[in-house]
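Each remark here refers to the structure printed beneath this line.
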Amino acid sequence: MAVRLCDVASLLRSGSWAAEPWTGQVIAAMETQLSNRLTCNNTSNGPSTISHNCSSPVESGSIEDSKTNLIVNYLPQNMTQEELKSLFGSIGEIESCKLVRDKITGQSLGYGFVNYMDPKDAEKAINTLNGLRLQTKTIKVSYARPSSASIRDANLYVSGLPKTMTQKELEQLFSQYGHIITSRILVDQVTGVSRGVGFIRFDRRIEAEEAIKCLNGQKPPGATEPIMVKFANNPSQKTSQALLSQLYQSPNRRYPGPLAQRFSRFSTMAIDGVTSLAGINIPGHVGTSWCIFVYNLAPDADEGILWQTFGPFGAVTNVKVIRDFNTNKCKGFGFVTMTNYDEAAMAIASLNGYRLGDRVLQVSFKTNKTHKA
DNA sequence: TGAGATT
């Protein structure tokens, strides 16, 4: 099986995401000022090389920002709002929780918001859940900015990049026009070589607009060909398009649908270990879940450790650490609920006998001893 | 010609 225990071990804080140190949004008057500072004199007389004489943008900041409201990105596609609440509720009391879904299709857009009652819990959630691996995703947890039009649609699609250009170089190129939230260069999955396309998400729309004006059709330093810079499609457009094409196209299936699923659970196992982690629902188990008994947990074990340990194996819907009523210390065992049999079985096979801290776990399906008298 | 970050 392709699941490696070192992956599980690496969960325990790889620090893969830094929390955005960022503290706020800029008032409208500053936007004009910023816009003026960054104005370039790009003429449309064809490609030329880019000069780097623009000044750096000001850092935005405000004490008004919420210290309780978090944005959670890169959630697994099949994760529900209830699971999101369960995961973040293990840190502290939640005031509200929302998984963002496509308005038309209802599909998860892969991100959500969690608002805590106590700012300390929000901070703790960033420290403990940011970078958590869930299925094939590594979630990112950071403070949410107050929603406003100025921060929307600030995502750029860049193509024609030199294949040798690194993410850092891409950021250097674009950072002169504003504060970059995320950047990415797409690579060939087999060779790892750049595909010459990437994405830059700016803090604010005006920064993205300025970058398009200044960089579209220009040659990066040392490049022989000009790059194309434009606004990226947003996810709701894509899901809407997919819905439309489903409605209007012939019934030929391009993706594994109900037919493939009829091969039952082995279809998810046979392809490779990664596919089996993708959270494909298995007919016959819809509406059921699989409860896993985890024994030999340390006294200080908490729900977070169970999420971290089982989350990478598939859809986890709930975790529970059994505690002593008086001391509140873990009594040495807990339970994990998973949606899919394959994923639960994989987790058990991989984690039974696994060393967690100074203890060797015993992991099995929960047996039906039912209730105590 | 493409991942998924502002309710």
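Convention: sequence-line order gives letters A, B, ...; per-chain numbering from 1. This is a predicted model, so every value here is computed, not measured.
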Counting N and O atoms only, with roles assigned by atom type, does the side chain of A:Asn296 sit under 3.5 Å from a partner on the main chain of A:Leu361, one being a donor and the other an acceptor?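 No, A:Asn296 side chain to A:Leu361 backbone: no donor-acceptor pair under 3.5 Å.
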A:Arg204 side-chain N/O to A:Ser150 backbone N/O, donor-acceptor pair under 3.5 Å: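 No, because the side chain of A:Arg204 does not come within donor-acceptor range (under 3.5 Å) of the backbone of A:Ser150.
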Salt bridge (charged side-chain N to carboxylate O under 4.0 Å, His left out) partners of residues 311-330 of chain A, not counting sequence neighbours, each pair once: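 Residue pairs with at least one partner in residues 311-330 of chain A: A:Glu303-A:Arg323.
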Salt bridge (charged side-chain N to carboxylate O under 4.0 Å, His left out): pairs with one or both residues in residues 71-100 of chain A, sequence neighbours excluded: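 Counting only pairs at least two positions apart or across chains, no salt bridge (charged side-chain N to carboxylate O under 4.0 Å, His left out) contact touches residues 71-100 of chain A.
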For [X], answer base if it contacts any base atom (sugar-phosphate contacts may also be present), sugar-phosphate if it contacts only those atoms, and nothing otherwise; contact means non-hydrogen atoms under 4.0 Å.
{"X": "A:Leu186", "value": "sugar-phosphate"}
{"X": "A:Asn69", "value": "base"}
{"X": "A:Lys103", "value": "nothing"}

Would you please confirm or rule out a distance under 4.0 Å between OP1 or OP2 of B:dA5 and any side-chain N or O of A:Thr182?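 No, no such contact exists.
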First encountered from the 5' end of DNA chain B, between A:Arg201 and A:Arg195: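 By nearest-heavy-atom nucleotide position, the 5'-most residue is A:Arg195.
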Using a 5.5 Å cut-off between ring centres and planes within 30 degrees, is A:Phe113 stacked on the base of B:dT6?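 Check failed, A:Phe113 does not stack on base of B:dT6.
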Looking at A:Asp203 and A:Arg145, is any side-chain nitrogen of the basic one under 4.0 Å from a carboxylate oxygen of the acidic one?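 Looking at A:Arg145 and A:Asp203, the cut-off is met.
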Counting only heavy atoms and a strict 4.0 angstrom limit, can you tell me which residues of residues 152-161 of chain A come near DNA chain B?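 Contacts with DNA chain B under 4.0 Å: A:Arg152, A:Asn155, A:Tyr157.
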